[in-house]
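What follows is a set of notes on a single structure, which appears directly below.
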Amino acid sequence: MGDRFEYRNVRVDGDAAPIIEGFSARIPADGLTAMVGPSGAGKTTLLRLLNRLDDPDAGDVLLDGRDVRSYDVLDLRRRVQYVGQVPVTFPGTVAAQVGPDVDALLARVGLPAALADREADRLSVGEAQRMCLARALARRPECLLLDEPTSALDTASKAGIEALVRKLADDGLTVVMVTHDPRQASDLADRTLTVGAP
């Protein structure tokens, strides 16, 4: 299927020194790519470059062979959805946040349809993380960016999210996931992209 994303000699400056310098890598369109590396290596920053939540100070980031800066940013973020490690809910019901296909999307992420009418701020952390995935999927993205999506979850919720993420990748979505957990990367990912010193 070829490459979905490419980093070309990317540099991102921090306050005192570059967070990332001279980073080049390719991410294929198929399957799940895990981004791993030590804390502070810039994994989250690299993930955020893929849908322009951040921009590099030097170098290029490509989506399907085009610089991400050449896309309309709203269109880019519809195609490339980002879900952070802490679930973000907005005031209102789950249905209001997920949209008209709420029942089908809740089923897809393993939540009961009865939750559609619940206020989103009354969900458990695990439920809220699944709702955030449903909300992202409602945009019908081509790519899903996940920043340590299970770090705030208990063991049972973590296993459920891992199974869901693996299924999304198997169903044809490009998934890029930052993780600090070597077991998670080896069990879930089709390939691993190491950032920073081993």
Side-chain angles (χ1 to χ4, degrees), residues 1-90 129 132-133 135-152 161 165 168-169 172-182 184-186 188-198:
M1 290 179 69
D3 294 328
R4 179 70 77 196
F5 295 105
E6 184 180 357
Y7 299 96
R8 289 184 179 170
N9 202 29
V10 166
R11 190 189 83 236
V12 178
D13 294 333
D15 292 335
I19 301 168
I20 296 152
E21 190 163 25
F23 184 83
S24 296
R26 295 171 183 264
I27 296 174
D30 62 310
L32 192 160
T33 300
M35 202 177 282
V36 301
S39 180
K43 301 184 296 296
T44 293
T45 300
L46 284 168
L47 193 70
R48 290 169 60 89
L49 296 179
L50 297 178
N51 75 342
R52 297 200 62 200
L53 291 171
D54 291 321
D55 281 328
D57 291 291
D60 303 302
V61 179
L62 308 184
L63 167 63
D64 295 334
R66 278 179 55 192
D67 193 306
V68 293
R69 289 168 287 203
S70 71
Y71 292 91
D72 173 82
V73 71
L74 294 179
D75 181 53
L76 174 67
R77 290 178 186 164
R78 275 191 291 271
R79 292 178 62 186
V80 184
Q81 285 283 310
Y82 178 94
V83 178
Q85 57 182 300
V86 177
V88 176
T89 61
F90 305 110
Q129 190 66 299
C132 289
L133 284 164
R135 189 172 62 202
L137 294 173
R139 276 68 183 174
R140 300 197 170 115
E142 298 165 22
C143 316
L144 195 58
L145 311 178
L146 304 174
D147 187 6
E148 301 199 30
T150 63
S151 64
I161 293 289
V165 168
L168 292 172
L173 205 59
T174 302
V175 180
V176 187
M177 181 177 72
V178 166
T179 179
H180 65 279
D181 182 349
Q184 189 173 66
S186 64
L188 287 186
D190 298 297
R191 67 200 64 82
T192 300
L193 180 60
T194 302
V195 180

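Values in this document were obtained by computation on a predicted structure and should not be read as measured data.
Side chains of E142 and T174: a donor-acceptor N/O pair is absent below 3.5 angstrom, by distance only. No side-chain donor from either of E148 and T179 sits under 3.5 Å from a side-chain acceptor of the other. Residues R8 and S24 have side chains that never bring a donor and an acceptor to within less than 3.5 angstrom of each other. Between the side chains of T44 and D147, a donor-acceptor pair is found at a separation under 3.5 Å.
Taking 4.5 Å as the limit, some side-chain heavy atom of R79 sits within range of a side-chain heavy atom of Y71. Residues L168 and L137 are in side-chain contact: their nearest non-hydrogen atoms beyond the backbone lie under 4.5 Å apart. Between V36 and H180, every side-chain heavy-atom pair lies at or beyond the 4.5 Å cut-off. For the pair P149/V83, no side-chain contact is recorded, criterion being any heavy-atom separation below 4.5 Å from C-beta on. Using a 4.5 Å heavy-atom threshold, the side chains of V68 and L49 count as separate. Here the side chains of I27 and E6 are not in contact, with every heavy-atom distance at 4.5 Å or above. Proximity of L46 to Y7: side-chain heavy atoms (C-beta onward) are separated by under 4.5 Å at one or more points. V165 is listed as a side-chain neighbour of L146, based on a closest heavy-atom distance under 4.5 Å.
Listed here is the closest heavy atom pair of I20 and G42: CD1-O, 3.6 Å. Shortest non-hydrogen contact noted between G84 and Q129 is O-NE2, 3.3 Å. Heavy atoms only, all atoms of each residue included: L50 and V80 are closest at O-CG1, 4.1 Å. Heavy-atom minimum distance, R135 versus V88: NH2-O, 2.7 Å. Contact detail for A41 and G196: the closest heavy-atom pair is CB-CA, 4.1 Å. Looking at every heavy atom in both residues, G59 comes nearest to R69 through O-NH2, 3.1 Å.
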*Does the pair R52 and D54 meet the rule for a salt bridge (Lys or Arg N to Asp or Glu O under 4.0 Å), with working shown?*
CA-CA 5 Å; R52 297 200 62 200; D54 291 321; over 6 Å; no
_Stepwise side chain to side chain contact (heavy atoms under 4.5 Å, CB included) check, V176 with L47_ = CA-CA 8 Å; V176 187; L47 193 70; 3.7 Å; yes
*asked:* One pair to check against side chain to side chain contact (heavy atoms under 4.5 Å, CB included): D13 and I19. What are the steps and the verdict?
replied: CA-CA 6 Å; D13 294 333; I19 301 168; over 6 Å; no
*Take F23 and V12 through the test side chain to side chain contact (heavy atoms under 4.5 Å, CB included) and record every step on the way to the result.*
CA-CA 9 Å; F23 184 83; V12 178; over 6 Å; no
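Using a distance-only test at 3.5 Å, with no hydrogens or angles considered, no donor-acceptor pair links the side chain of S70 to the main chain of R66.
A salt bridge between R26 and D3 is present, with a side-chain N of the basic residue lying under 4.0 Å from a carboxylate O of the acidic one.
The distance from the CD1 atom of I161 to the CG atom of L133 is 5.0 Å, given to the nearest 0.5 Å.
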